[in-house]
Amino acid sequence: MIEPLIDPSRRDLAAEYRTRPFGRHSAALQALLDVMYRAENCQNLILIAIGGGRWVLGERQPDRKPPRLFLDEVFDSLEAGQWAAFRRRWRALAGSELDLP
Amino acid sequence: MSAIAETPGVIGYVDALTARPGERVTVRVSVLHPARRYRAGLVRLICGETGPKGPGLKEEPIATAIDGEHEGREQYTDAGSYAIVERLPPLGSVEIELLVWPGCLGGRVQILMALGRLRLALDESGAAALLAGDGALSAGRRLREKAWHRVEARYDPATGHGFVSSTPLPGFHADRAGEATGALPAGIVPQGPLLFAAERLAPGRTARHFDGKLEAPRLRSGTVAAAWDFAVGIGTRRIAAVASDALDGVTVNAPKRAVTGSLWDGSVQDWRQKPAHYAAIHFHSDDLYDAGWEESLAFRLPEDLRSGFYAVKLEAPSGPPFHVGFIVSPPPGGSGARLAVLASTMTYLAYANYRRRMTPGPYELSMGALPTVDMTDILLAEHPELGGSTYDVHPDGSGIAHASSRRPLFNMRPTGRFWNFSMDLCLIDWLDAAGIAYDVVSDHDLHEQGAALLAPYRAVLSSSHPEYHTLEMLEALQAYLGGGGRFAYLGGNGFYWRVTADPAHPGMIELRRAEDGTRAWAEAPGEYYHATGEYGGLWRRLGRPPNAVFGVGFIAQGFDASSYYRRTAASRDPRAAFLFAGIEDEIIGDFGAWGDGAAGLEIDCYDAALGSPPHALILASSEGHSNSFLLVNEELLSNRRGVDGTTNARIRADMVFFETPSGGAVFATGSIAFIASLAHRGYDNNVARLLRNAVARFLDPTPFAIPRLS
Ligand SMILES: [Fe+2]
């Protein structure tokens, strides 16, 4: 069994990120983000503005191919898109869905 | 909820990044939308897409002859560099030979040399192969990437008899030679035009381009014996035949010259010292100098058109518009305004067709947030033939050293990433809102016209990110300041890299990312000298640090959030009283359309060791930068901890003012995000007030007095 790469009990760090996705982070949150941001964990995510202030996530592709767009979920702000990326990575690395009140 | 995301249905480019009132503008358009029609119009750009915290897009239509709907078609782009010798006598039995340094091998056929339907190539397996008509003869031994080999071939059209071989040049390796002899289709006449690094399907249509370096090609057939020396003609488009210039050729799509060849042994670094060590040309399958599209629209700019940022706006029946941005500079001698905005067209060009944000990799480790693109960027990704930016790499991993404006440019627009062209519109928007008269001139104007361009102006405002400069541009700015000019450097990471304008390729710049610096790729060893003979790299390393002229220089970057400045005691100095008139606040710029602060993105600080003037006043410094702000690597001798915005006190934007000996002055803000704060609260805020104060005094002819330091 593979150990979770991030501690699923540290939902406080997820809450910190949701409150302030951009700007100064605590050392503990930055350490968690550094794990998420590693090449093998980042999922090559990208945010694509599709017009009208709307964003979707996508995946960057190798071999000079265009990113693949995930059109099933649309975000109305950059912050909402960042938060969705955080949740995807949490699921992959903590091994469980992130549910915050 | 699902979304429909559409890319622009029409793209285009204009022939020059700068035009003047009364001049003719030619637009070359490719219609991708199946309706094959589009609307066009000229717009003056006032403000770009700022996001929810700024004023948002503002453009003003200008009536011209192109208004309305037009029929169009998709235009073909023949990407990939090669060299061509047009006139070649008809040949019989032929022997050919050349030196080959493959950049990337396998998976596709790459043509090294083509004589009509007789081609010497690297095949799908990466082995040398002779192709005659539909027949192929492979030497059977894969070459090694990024190593030199001699490749030879013989073919007799009378019999179809062929021979091909590859031999690694001597070195400390175990590479082996390969060769094959065999029957190929007979009757394939070797004929011109002769191409290196591609084959020609029809005039203007080439295919199966080679990625890598070629050197010293030779050809023998009956009484014809020809050889080419690529060390001759560096800095031009010419390839020189050794014996007779009747067989001279030209390069197409600007392959890289002044590159190391098979003889290079590290004994020189400057190609001019031993040209024989630089007898190679580096071809790339994605080089593009001139898309060469047919003219679609042409119109004359109104004689009384005010100078500014403009775009030809193209719209297909659906999808977002495509803006073809350009600068309208004033008539010669200026419009009468005493203030100029210097649009950083060299930097816009260096960034044009930036693809790196869309490639896989741990982007956030350096940027601190996800990469963001829009549907126009997605369209760029769908069109690799339109070339990359100087932030991208070629298929063989070598850096893209050339940027040409003769192709659609996906960043000369008011939309998309809030950066460069689109961000600089924040300054235009504020000047218009403040009712200040100005002209817009461009880097390209400055390069061509020198200091005379700025002579009509008492003050010049920079853009937000004037990163790339030719020596001619720096000399012009220094001459302007030396003559008492006033300059406001309203940006970050400015005056950073040397670029050169290539006289053989109008509209193209060359960049060699030599030595070190914050950079997307590293220049190849031995190739730090540009094809012009100028040594490439950071102006800081070339003896012209920006600190010495503009007060501050690059210190850190971070792309998640911006911060604010805190005033220093020096801001109370009587010399700075004009700047802070009406500003009581201690904190400057804790708001803005980019990252909620005026200090952010790329930031610069005062550094006396790099020549920042000792009499300069550090008026304010930013603080509280995020974890993602990291000290730039040219500040590090070896990697270490303690280099982020939460741990390193040098990570700050310094706002600086100083007088010059000739009665001029410099005001520097040291931050790309600064101008994105100008519009806050209806343009009524301390950033706008500060800049308004600076501009008002800078436009006053009363000379500044340089203080006497004890
Ligand atoms: Fe830059």
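The sequence lines fix the lettering, A, B, ..., with proteins before strands; numbering per chain opens at 1. Because only heavy atoms are used, hydrogens play no part in the values below, and waters and symmetry mates are left out as well, while side chains stay in.
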Report, by ascending residue number, the residues of residues 82-90 of chain A in heavy-atom contact with chain B at a distance under 4.5 Å; give 'none' if the set is empty.
A:Gln82, A:Ala85, A:Arg89
Checking heavy atoms, do the side chain of [X], its backbone, both or neither come under 4.5 Å from chain A?
{"X": "B:Thr359", "answer": "backbone"}
{"X": "B:Pro395", "answer": "both"}
{"X": "B:Pro384", "answer": "neither"}
{"X": "B:Pro360", "answer": "both"}

From [atom1] ([X]) to [atom2] ([Y]), nearest 0.5 Å:
{"X": "A:Arg60", "Y": "B:Arg356", "atom1": "CZ", "atom2": "CZ", "value": "11.0 Å"}
{"X": "B:Asp644", "Y": "A:Arg24", "atom1": "CG", "atom2": "CZ", "value": "8.0 Å"}
{"X": "A:Leu47", "Y": "B:Arg357", "atom1": "CG", "atom2": "CZ", "value": "12.0 Å"}

B:His33 meets the side chain to side chain contact (heavy atoms under 4.5 Å, CB included) criterion, sequence neighbours left out, with B:Val31, B:Ala35, B:Ala316, B:Pro317, B:Ser318
Which heavy atom of [X] sits nearest a heavy atom of [Y], and at what distance?
{"X": "A:Leu57", "Y": "B:Leu370", "result": "CD2-CD1, 3.9 Å"}
{"X": "B:Pro362", "Y": "A:Cys42", "result": "CA-SG, 4.3 Å"}
{"X": "A:Asn44", "Y": "B:Gly361", "result": "OD1-N, 2.8 Å"}
{"X": "B:Asn627", "Y": "A:Gly23", "result": "OD1-O, 3.9 Å"}

What option among B:Thr415, B:Leu365, B:Asp392, B:Thr7 has the most heavy-atom pairs under 4.5 Å with chain A?
B:Leu365
[Y] and [X], any side-chain heavy atoms less than 4.5 Å apart:
{"X": "B:Asp286", "Y": "A:Arg64", "result": "yes"}
{"X": "B:Tyr363", "Y": "A:Ile46", "result": "no"}
{"X": "A:Leu33", "Y": "B:Glu364", "result": "no"}

Residue among A:Lys65, A:Arg38, A:Gln61 with most heavy-atom pairs under 4.5 Å to chain B
A:Gln61
Does anything in residues 373-381 of chain B reach chain A? List residues with heavy atoms under 4.5 Å apart, or say none.
B:Val373, B:Asp374, B:Met375, B:Ile378, B:Ala381
Residues in residues 555-565 of chain B near chain A [non-hydrogen atoms, under 4.5 Å]:
B:Asp560, B:Ala561
